[in-house]
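Working notes for the structure below.
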Amino acid sequence: MAYQQTKPQDASILIVCNHQTNICNLSKILTNLSFMNITCIDCDGDLMDEIQDERPDLVIVHDVNPGKNAIKLLAQIRQHFSQTELAIVMYSDNYSAREEAWMHNISDYIEPCVRANELKSRLIFHIHNAQELKRLKNFECMMKGDIRSALSLQYSLMPQKKVLTEIQKKYQVKVGYLFKPCQYLSGDLWGILPLDEHRFGVWICDFVSKGLHAALSTFRIHTLIKDQEKNQFTPSLLLQTLNNKLKNLLAVGNFATFLYGVVDIRHNTFTYAAAGSTSPIFYNKKTKKITLGDSSGLPLGIETGIKYAERSVKFDKDTSLLLYSDLLWECLDDLGFSFDDDDIHHFFKTLDGQPVIPYVEKKLDDKNEKLALSDDLTLIEVTFQQSY
Amino acid sequence: MNKQSQGVSMKYAIDSTLGNLHITIKGRLTYTDYNNFNYITNAVGEHENQQCIIDLSELDFIDSAGMGMLLMARDKAFRHKVQITIKSPQGQVGKMLELGKFDTIFLIEH
């Protein structure tokens with residue numbers, strides 16, 4: 001709202017006076033200027049409680065008796081309400097107190113000789129700022145609540161503990177994951193689904209950009225995949241279907257990188273299709289062998305009718321499959337390592353057979369709150385524990 | 001028309017002569033460049049250009065949002081019947097375009 005639209009009759013003002021007999025003089029002046037909601041108190045009462053209860057837009061410290069220290073009063077109020085948007089104006093003709101008053105972060109210092117219209121205009125300015133700050137704080141509070149709920153919903157889209165336990169038991173694999181939005185919500189999502197006695201599917205998706213828009217798109221793709229689960233689909237067919245549907249849903253410039261693969265524990269294969277995602281990494285902890293899968297492909301949602309290649313990688317016992325969002329390609333600045341082609345061998349050498357997720361988690365912990373990731377982070381590690 | 005910009009990340013220059021639009025993008029093209037990139041997409045639809053060359057030879061880094069911006073320019077070009085060519089993507093930029101198989105939807109000159 002523009003400052004000129006703030007009306008004096010909508011403002012609440014609390015006048016604190018250090019001389020009881022003069023307490024209503026300023027009130028009368030302000031009433032004549034159309035300020036209607038005015039409360040006058042003297043400084044001897046429970047001043048802080050009064051201010052807390054009244055929650056005025058503006059407190060005016062009316063210094064009419066220099067003998068009684070208005071500056072001390074001012075300092076007390078400011079200190080007590082240091083964390084709030086309370087605007088405090090000193091109304092005084094005590095010139096010697098002026099310099100000190102400003103040191104207590106007052107909003108304004110107005111002398112009684114000021115013209116009526118100027119007084120009105122200056123008070124309205126501070127009232128407007130205070131009301132806007134209150135409004136923004138309320139909005140921020142509401143948004144934080146909404147975002148907490150949305151993030152909780154987003155977490156509920158991801159594989160739950162029960163599903164992971166079942167998958168781990170049924171297929172004799174270990175599944176770990178790390179998921180960290182860089183802002184409030186994430187544009188990444190992943191999922192895992194049992195297919196039959198010896199096969200399960202795993203997918204990872206990363207929408208362009210970050211924040212709310214990308215996060216809302218993750219809900220869309222989750223629904224689209226759920227819709228497909230009742231059908232028999234190959235990796236390439238799933239990508240073709242999702243791509244055609246997303247093309248109609250996403251605006252130009254938006255797209256998703258995606259990978260869906262089927263782990264076959266009977267044949268020790270990972271058969272997958274990819275749409276410009278990061279390369280799946282196969283890492284054998286014993287032999288230290290690293291294999292990078294080809295993940296090239298037009299991202300989902302750009303053009304309809306795209307065919308996606310199906311690729312297959314054979315893995316050994318003690319191999320881990322890593323799927324990850326593109327932050328880990330380029331996060332040298334954030335975490336001190338990256339999965340870039342040039343760095344990846346060095347990374348796994350440093351790891352020396354240890355699982356990846358605890359290592360990355362430790363890096364995150366070490367950085368603690370100082371870490372502001374430049375993108376969403378998702379990392380999935382599937383370890384095949386036995387050969388069939 | 002000759003326009004130039006200097007920013008923290010992406011820098012660009014637009015030159016339009018005799019129906020050819022030449023756009024040079026330098027530095028880093030990331031999600032922070034959405035507003036600046038509007039000047040580029042707007043230029044694609046201006047004047048009577050038949051050809052648009054986007055020179056990426058001095059672009060050091062592109063993220064997925066940057067690739068999305070190229071798609072927006074492509075869409076604008078398509079609607080104005082302008083043929084768009086991406087020229088000389090290097091290093092990480094070349095790898096990203098290759099990974100996303102952008103050569104199937106853009107003419108890319110190496």
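Naming convention: chains lettered A, B, ... in sequence-line order (proteins, then strands); numbering from 1 in each chain. Worth saying up front: this structure is predicted, and the values here are computed from it rather than measured.
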Review item, side-chain donor-acceptor pairs of residues 98-110 of chain B, under 3.5 Å, at least two apart:
unit_1   : atom_1 : unit_2   : atom_2 : d
B/Thr104 : OG1    : B/Lys101 : O      : 2.6

Show which side-chain atoms of residues 50-58 of chain B pair as donor or acceptor with protein atoms under 3.5 Å away, not counting sequence neighbours.
unit_1  : atom_1 : unit_2  : atom_2 : d
B/Gln50 : NE2    : B/Glu48 : O      : 3.0
B/Asp55 : OD1    : B/Ser57 : N      : 2.9
B/Asp55 : OD1    : B/Ser57 : OG     : 2.7

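Residue-environment remark: NZ (A/Lys288) exceeds the threshold of 12 foreign heavy atoms within 6.0 Å. Counting heavy atoms of neighbouring residues, nucleotides and ligands inside a 6.0 Å radius, atom NZ of A/Lys226 does not exceed 12 of them. At most 12 heavy atoms of other shown residues, nucleotides or ligands fall within 6.0 angstrom of atom NE2 in A/His213.
The nearest pair of heavy atoms linking B/Leu71 to A/Ile302 is CD1-CD1, 3.6 Å.
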Original post:
Could you go step by step and tell me if A/Phe255 and B/Ser64 meet the side chain to side chain contact (heavy atoms under 4.5 Å, CB included) rule?
Top reply: CA-CA 9 Å; A/Phe255 58 78; B/Ser64 55; 4.0 Å; yes
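Here the CE-OG1 distance, from B/Met96 to A/Thr257, works out to 8.5 Å after rounding to the nearest 0.5 Å.
Residues of residues 22-34 of chain B lying under 4.5 angstrom from chain A, judged on non-hydrogen atoms, are B/Tyr31, B/Tyr34 in numerical order. Below 4.5 Å, heavy atoms of chain A meet heavy atoms from B/Asp75, all part of residues 75-87 of chain B.
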